[in-house]
There are 2 protein chains.
Amino acid sequence: MDSDANRRRADAPRDDGSGPLAAMLCFDLYAASRSVTSVYRTLLDPLGLTYPQYLVMAVLWRHEESTVRAIVDELRLDYNTVSPLLKRLEANGLLARRRRADDERSVAVTLTEEGRALRERTLHIPDAIGEAMGIDGETVAGLHGVLRTIADSATAYAARASAGTARTAH
Amino acid sequence: MDSDANRRRADAPRDDGSGPLAAMLCFDLYAASRSVTSVYRTLLDPLGLTYPQYLVMAVLWRHEESTVRAIVDELRLDYNTVSPLLKRLEANGLLARRRRADDERSVAVTLTEEGRALRERTLHIPDAIGEAMGIDGETVAGLHGVLRTIADSATAYAARASAGTARTAH
DNA sequence: CTCGACTATCTCGCGTGCGATGTAATCGGG
DNA sequence: CCCGATTACATCGCACGCGAGATAGTCGAG
């Protein structure tokens, strides 16, 4: 009876039929993210870096010195992910960690000479990524805003849901 | 002598400045994908499913019976990811695996009664996801195409790069 | 029929992501 | 000054994601 139910209104923000569409979009997001990471893998493998490791190095190449917390915030990751990641980068001789004097809880992260030098070998990567994605600059700019919106809304929703689960925050 | 060589034609799809922009977009993609997955986590946790497991179940809810290969193709994942995932779903009593009679290499995957029944408890999820993403239906539709383009281009690029690395496939 | 190529699947190892939990340092109210 | 809350960081455990490699089963040329 609803065989022609795929007829949808353009003015409705999100309602009846938009759920399945949004779900498909989530899968697209998931698949696109993995495929882009795989491009990074082909580019970063010769340097002995993974994509998240590259992101951490990029933070340090911008700031020269940082803390674990600053990196966590900038990459929107968690301590449980970043902590071992920094440990591996330190083991590879790319950075150093030491407790801060002014706040013994905090850990300062700095580049080693080797870590600083690695930057030069990554300078071609952004352009290669641009080429690999196969979309024009205008589309890129438009996409940026939408993806930020999605990330912010979804993060807020998840945080709300978790707070609800964590029995009645008094 | 080529100091102003960074001057390019505007009709070139992607060139000089678009690299860094594209790289930022990749991070947006990465962050958005993780945030969306975290929404799924809050919705799927009560059902004892992860997002990839939910995707597999969704395939079976559509097809009733499938093979490992078909699932791998449909989700754009690899055997090494799907194989243990199916094993866990089987251990949880949601599906069954058995070798095919007509082709002993192939493994048929079917739903158990419990797996079929689980579907009802997921019917609210697509709409919840739509709500969580906070974007209108028109944007969703537009995004779908762009994300497919990115995924396809990136996958092709990565495959090309890997083929190049795998010294001269004769 | 035979043998090598191909196919479908599985296992292993490593690096994330992230929930849960632990620990030490700092802060703030009484 | 003291103690409970908060902060910064770490470890543990589990489930991906994927490269590398192993194992059967099937197919096609000769």
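Treat the numbers as computed from the prediction; the structure is a model and nothing was measured. Order of the sequence lines sets the chain letters (A, B, ...), proteins ahead of strands, with each chain counted from 1. Excluded from the calculations below are hydrogen atoms, water molecules and symmetry mates; all remaining heavy atoms, backbone and side chain alike, are included.
Of the possible donor and acceptor atoms, one in the side chain of A/Thr122 sits under 3.5 Å from a partner among the backbone N and O of A/Arg119.
Residues A/Leu29 and A/Leu25 form no side-chain contact, since every pair of their non-hydrogen atoms from C-beta on lies 4.5 Å or further apart. Two residues are said to be in side-chain contact when any heavy atoms from C-beta on lie closer than 4.5 Å; A/Arg160 and B/Thr42 fail this criterion. Under the 4.5 Å side-chain criterion, counting only non-hydrogen atoms from C-beta, A/Met57 is in contact with A/Leu111.
Taking every nucleotide of DNA chain D with any atom under 4.0 Å from a non-hydrogen atom of chain A, the first and last of them, 5' to 3', are D/dT7 to D/dG19.
Both A/Ser35 and A/Arg97 lie close to DNA chain D; mapped to their nearest nucleotides by heavy-atom distance, the more 5′-ward contact belongs to A/Arg97.
Look at B/Glu90 and B/Lys87 and you find no salt bridge, because none of the NZ, NE, NH1 or NH2 atoms lies under 4.0 Å from a carboxylate O.
Remark: A/Arg69 pairs with A/Asp73 by the salt bridge (charged side-chain N to carboxylate O under 4.0 Å, His left out) rule, at least two apart or across chains. Partners of A/Asp152 according to the salt bridge (charged side-chain N to carboxylate O under 4.0 Å, His left out) rule, which considers only residues two or more places apart in sequence or in another chain, are A/Arg76.
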Do any N or O atoms of the protein come closer than 3.5 Å to N or O atoms of nucleotides 23-28 of chain C, and which pairs are they?
residue	atom	partner	partner atom	Å
C/dT26	OP1	A/Glu104	N	3.2

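Looking at A/Glu64, A/Arg116, A/Arg98, A/His63 one by one, the single match for side chain to side chain contact (heavy atoms under 4.5 Å, CB included) with A/Thr110 turns out to be A/Arg98.
Using cut-offs of 30° and 60° for the angle between ring planes, the A/Tyr30 and B/Tyr51 rings count as perpendicular. Relative ring orientation between B/Tyr54 and B/Tyr40 is described as tilted, the plane-to-plane angle lying within the 30° to 60° band.
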Under 4.0 Å protein heavy-atom contacts per nucleotide of nucleotides 11-17 of chain C, with B for base, S for backbone only and - for none
B---SSB
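Residues B/Ala151 and A/Ser35 approach most closely at CA-OG, 3.3 Å, considering heavy atoms.
The stretch residues 56-67 of chain B does not touch DNA chain D, since none of its heavy atoms comes less than 4.0 Å from the strand.
Hydrophobic clustering of Ile, Leu, Val, Met, Phe, Trp and Tyr side chains at less than 4.5 Å, counting indirect connections, keeps B/Leu147 apart from A/Met24.
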